[in-house]
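Quick caveat: nothing in here was measured; it's all calculated off a predicted structure. Position 1 is the first residue of the sequence; numbering continues from there.
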Amino acid sequence: MSTAPDLTIAKAVNAGLRRCMEEDPRVLLMGEDIGSLGGVYRVTEGLKADFGAHRVMDTPLGEAGIVGTAIGLALRGYRPVCEIQFDGFSFPAFNQITTQLAKMRNRTNGDVTVPVTIRIPYGGVIGSVEHHSESPEALFAHTAGLRIITPSNAQDAYWMTQQAIACEDPVIVFEPKRRYWLKGAVDVERPTADPFSAQVVRPGEDATVVAWGPLVPVALAAAQAAEEDGRSVEVIDLRSLSPIDFDTLEDSVRRTGRLVVAHEAPTFGGLGGEIAARLTERAFYALEAPVLRVGAFHLPYPVAAVEDRYVPDLDRILEALDRSFAY
């Protein structure tokens, strides 16, 4: 197996972008400070020097303009990749994304495709404030016509970046910014699984925990802690938030009988509610307890001094598992 040296998630995204740009001259990068600076998190570092300012474009501070321009470029045959600097900055572009980008292919009965990739660093625990630490995935997942994926490790970050760019539908890639420096081996020859599928990252028999993006390492740590108490917990990395791979989730729940869904976004109105409802419908008689959700509180993202209390941690996942086992 041919592997590159261990890469951080940030470097893996960079390598994925580079490979796409080398293989397809139609791939363009657009965003605020992504050129000479290499982006706030240096994810695009070095790409402008290698590919030029005509392919790695620093844009004005106007997210609606970034996405609107990308739509026009896609209609002319390009494959633009937009970076939204922070999660909360996606809201000025919400209209372009949900009323134009998501609808174009359906509006033309499939005659027109808009292969736009939108990279959004998301999530908290970076010592920042609102609009820099949010998890708005449910707002976009509610809109049909958008595909939404989120890698939790370097291998997925490398391949899912390329798979998003190759997709004929618009794809939002939520990148877990607090995990940008998490390292992992990357096989640059073997593509990862279908980007729109979930993966079992830790097998178990007694309960299932589903998480995605920044919370996958926390879910794995909770499963390890539960094992010390004699409980075998399966962990699933959801990976794709739209569409959701309910078949993999149902198969797991039918084996374990218990399900906890964990995400950084507030529990109220979060994707955990949709997952809970679907799995209750599909596997009701296999469940030994109600599907439980673990998420942030229904409050604006707080100041850094208390964000650790706002975002779910290992103890809150373990507490949900305890409640599930108590039934």
Side-chain angles (χ1 to χ4, degrees), residues 4-74 78-94 96-97 116-136 150-151 154 157-158 160-162 164-165 171-184 186 213-214 301 304:
D6 284 358
L7 296 177
T8 64
I9 287 179
K11 292 297 184 183
V13 174
N14 180 287
L17 292 170
R18 177 179 295 278
R19 184 165 177 173
C20 285
M21 297 184 76
E22 289 172 345
E23 295 178 350
D24 190 343
R26 299 174 300 167
V27 177
L28 310 174
L29 309 186
M30 308 165 56
E32 299 161 8
D33 299 320
I34 68 166
S36 300
L37 182 65
V40 171
Y41 297 100
R42 306 301 186 265
V43 173
T44 55
E45 192 170 41
L47 297 179
K48 179 182 177 182
D50 291 343
F51 295 98
H54 65 294
R55 293 189 65 192
V56 183
M57 295 174 279
D58 283 315
T59 66
L61 303 183
E63 288 74 18
I66 294 172
V67 176
T69 301
I71 293 171
L73 285 166
Y78 292 94
R79 306 188 82 87
V81 182
C82 306
E83 178 183 295
I84 304 298
Q85 198 170 73
F86 287 98
D87 35 53
F89 296 0
S90 64
F91 302 136
F94 193 79
Q96 288 283 9
I97 295 170
V116 175
T117 300
I118 302 177
R119 297 178 40 246
I120 304 179
Y122 81 122
V125 198
I126 62 165
S128 196
V129 293
E130 64 179 14
H131 304 322
H132 298 74
S133 301
E134 294 164 350
S135 299
T150 177
Y158 177 73
M160 291 170 80
T161 297
Q162 297 173 68
I165 295 170
V171 181
I172 296 177
V173 184
F174 279 106
E175 299 170 1
K177 68 170 84 78
R178 70 156 152 153
R179 306 297 181 192
Y180 268 146
W181 299 274
L182 181 67
K183 282 189 173 183
V186 176
Y301 199 89

Query raised in the report: Roughly how far, to the nearest 0.5 Å, is CE of M30 from OG1 of T117?
Result: 12.0 Å

Query raised in the report: Take atom CZ in F91; do more than 12 heavy atoms of anything else shown fall under 6.0 Å from it?
Result: yes

Query raised in the report: Considering residues at least two apart in sequence or located in another chain, which fulfil the side chain to side chain contact (heavy atoms under 4.5 Å, CB included) criterion with S90?
Result: I84, I120, P136, F140

Query raised in the report: Would M160 and V173 satisfy side-chain contact (heavy atoms from CB on, under 4.5 Å), going step by step from the backbone distance to the final call?
Result: CA-CA 8 Å; M160 291 170 80; V173 184; 5.8 Å; no

Query raised in the report: At their closest point, which heavy atom of P92 faces which heavy atom of A64, and how far apart are they?
Result: O-CB, 3.4 Å

Report task. Please list, chain by chain and in numerical order, all residues satisfying side chain to side chain contact (heavy atoms under 4.5 Å, CB included) with L37, sequence neighbours excluded. Result -> D33, R42

Query raised in the report: Between G213 and T150, which heavy-atom pair has the shortest distance, and what is it?
Result: CA-OG1, 3.6 Å

Query - side-chain contact (heavy atoms from CB on, under 4.5 Å) evaluation trace for C82 with V116 - result: CA-CA 8 Å; C82 306; V116 175; 4.2 Å; yes

Requested in this report: Not counting sequence neighbours, list each pair that qualifies as a salt bridge (charged side-chain N to carboxylate O under 4.0 Å, His left out) and has a residue in residues 14-23.
Outcome: R18-D50, R19-E23

**Report entry** Derivation and outcome, side-chain contact (heavy atoms from CB on, under 4.5 Å), residues F86 and V40
**Finding:** CA-CA 9 Å; F86 287 98; V40 171; 3.9 Å; yes

**Report entry** Set of ring-ring contact (aromatic ring centres under 6.0 Å, His included) partners for Y158, sequence neighbours left out
**Finding:** none

Using a 3.5 Å cut-off and no angle test, enumerate the donor-acceptor pairs between side-chain atoms of residues 8-16 and protein atoms at least two apart in sequence or in another chain.
residue, atom, partner, partner atom, Å
T8, OG1, K11, N, 3.1
N14, ND2, V43, O, 2.8
N14, ND2, E45, O, 3.0

Query raised in the report: What are the two closest heavy atoms between Y122 and E134, and how far apart are they?
Result: CB-O, 3.6 Å

Query raised in the report: What pairs meet the side-chain hydrogen bond (donor to acceptor under 3.5 Å, both in side chains) rule with one or both residues in residues 55-73, with sequence neighbours excluded?
Result: none

Report task. Under the salt bridge (Lys or Arg N to Asp or Glu O under 4.0 Å) rule, collect the residues that match up with R119, sequence neighbours excluded. Result -> E83, E175

Query - Nearest-0.5 Å distance, CD1 of residue I118 to CD1 of residue I97 - result: 4.0 Å

Report summary line: For residues 19-39, the ring-ring contact (aromatic ring centres under 6.0 Å, His included) pairs (sequence neighbours left out) are none

Requested in this report: Please report the shortest heavy-atom distance between A70 and P80, naming the atom on each side.
Outcome: O-CG, 3.3 Å

Report summary line: side chain to side chain donor-acceptor pair (under 3.5 Å) filter on S128, not counting sequence neighbours, yields none

Query raised in the report: Partners of R179 by salt bridge (Lys or Arg N to Asp or Glu O under 4.0 Å), sequence neighbours excluded?
Result: none

**Report entry** P121: partners by side chain to side chain contact (heavy atoms under 4.5 Å, CB included), with sequence neighbours left out
**Finding:** Y41, K177, Y180

Query raised in the report: What heavy-atom pair brings V81 and V27 nearest, and what distance separates the two atoms?
Result: CG2-CG1, 4.1 Å

Query - Heavy-atom closest contact (L7 atom, A154 atom, distance) - result: O-CB, 3.4 Å

Report task. Output, in order, the C-alpha distance, side-chain angles, deciding distance and verdict of side-chain contact (heavy atoms from CB on, under 4.5 Å) for I126 and S133. Result -> CA-CA 7 Å; I126 62 165; S133 301; 4.0 Å; yes

Query raised in the report: Does anything in residues 5-35 pair up under ring-ring contact (aromatic ring centres under 6.0 Å, His included), and if so which pairs, sequence neighbours excluded?
Result: none

